[in-house]
Amino acid sequence: MRPQILSWEQISRYVYSNHTLLVDLREKEDFRKGHVTGAWNIPYEELEEHIREMSGYERIIFYCTHGNHSLAAARQLAKLGHQAYSIAGGYAAKAKTLDGWKHSNV
C-alpha cells in the first residue's frame with residue numbers, strides 16, 4: 001500500500017467518521033496550544049509505541065507541523081498494510097486554509 005497525501009479540505013469527508021483516526025504528531029506542548037478536535041496526540045518519536053492501538057481504524061490520517069513527519073508516519077503504516085494519509089503542509093497549512101474548522105486550545 002502507498003500513503004496518500006490530502007489537503008485539509010479533502011479530509012473533511014473523513015475526519016468525523018468513526019472509522020477514521022486523526023493523529024497529531026506534534027510535541028505535547030504544541031498540541032496543548034491548539035489542535036483539531038478529536039485528534040490523538042502521539043509525538044512522532046512515540047509512534048512505534050502506539051501502532052497497535054491504531055490498527056482498529058479503517059483509515060489513519062496524520063498531521064504534524066509542516067508535513068514531513070506525517071508523510072513518514074503514513075509511509076510506515078502503509079507498509080504495514082494500513083490505509084494511511086498525510087495532510088499536506090501540516091498544521092501550519094490548516095491555519096491558512098480553514099479558519100472556520102473546529103480546533104481546541106486546551
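Computed from a prediction, not measured in an experiment: that's the story for all the values here. Residue indices begin at 1 and follow the sequence shown. These values consider heavy atoms only, across backbone and side chains, with no hydrogens, waters or symmetry-generated copies.
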query = Are L6 and Y14 close enough, and set up right, to give a side-chain contact (heavy atoms from CB on, under 4.5 Å), and what steps lead you there?
reply = CA-CA 11 Å; L6 301 173; Y14 302 120; 3.9 Å; yes
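- Put simply, OH on Y85 and CD on Q4 are 4.5 Å apart, with the number rounded to the nearest 0.5 Å.
- Here CE of M1 is found 11.5 Å from CG of L80. Values are rounded to the nearest 0.5 Å.
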Would you tabulate the side-chain donor-acceptor contacts of residues 42-53 under 3.5 Å, counting partners in other chains and residues two or more places apart, or write 'none'?
unit_1 : atom_1 : unit_2 : atom_2 : d
E48    : OE2    : Q76    : NE2    : 2.3
H50    : ND1    : E53    : OE2    : 2.7

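- Residues R59 and S17 share a closest heavy-atom pair of NH1-OG, 3.9 Å.
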task = Starting from the C-alpha separation in whole Å, work towards a yes-or-no answer on side-chain contact (heavy atoms from CB on, under 4.5 Å) for N41 and L25.
result = CA-CA 6 Å; N41 181 221; L25 295 168; over 6 Å; no
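- Annotation for H35 and Y91: closest pair N-OH, 3.3 Å, computed over non-hydrogen atoms.
- Y57 and L22 are not part of a single hydrophobic cluster, where members link through side-chain heavy atoms under 4.5 Å apart.
- Annotation: the span from I60 atom CD1 to W40 atom CH2 amounts to 8.5 Å, rounded to 0.5 Å.
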Name each donor-acceptor pair under 3.5 Å that joins a side chain in residues 61-70 to protein atoms two or more places apart or in another chain, with its distance.
unit_1 : atom_1 : unit_2 : atom_2 : d
Y63    : OH     : D24    : OD2    : 2.8
Y63    : OH     : V36    : N      : 3.1
S70    : OG     : G67    : O      : 3.1
S70    : OG     : S86    : OG     : 2.7

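- Between the CD1 atom in I11 and the OG1 atom in T20 there is a gap of 9.0 Å [rounded to 0.5 Å].
- A pairwise comparison of heavy atoms in R75 and P3 identifies CG-CG, 3.5 Å as the closest pair.
- Closest of all the heavy-atom pairs between A93 and A88 is CB-O, 3.7 Å.
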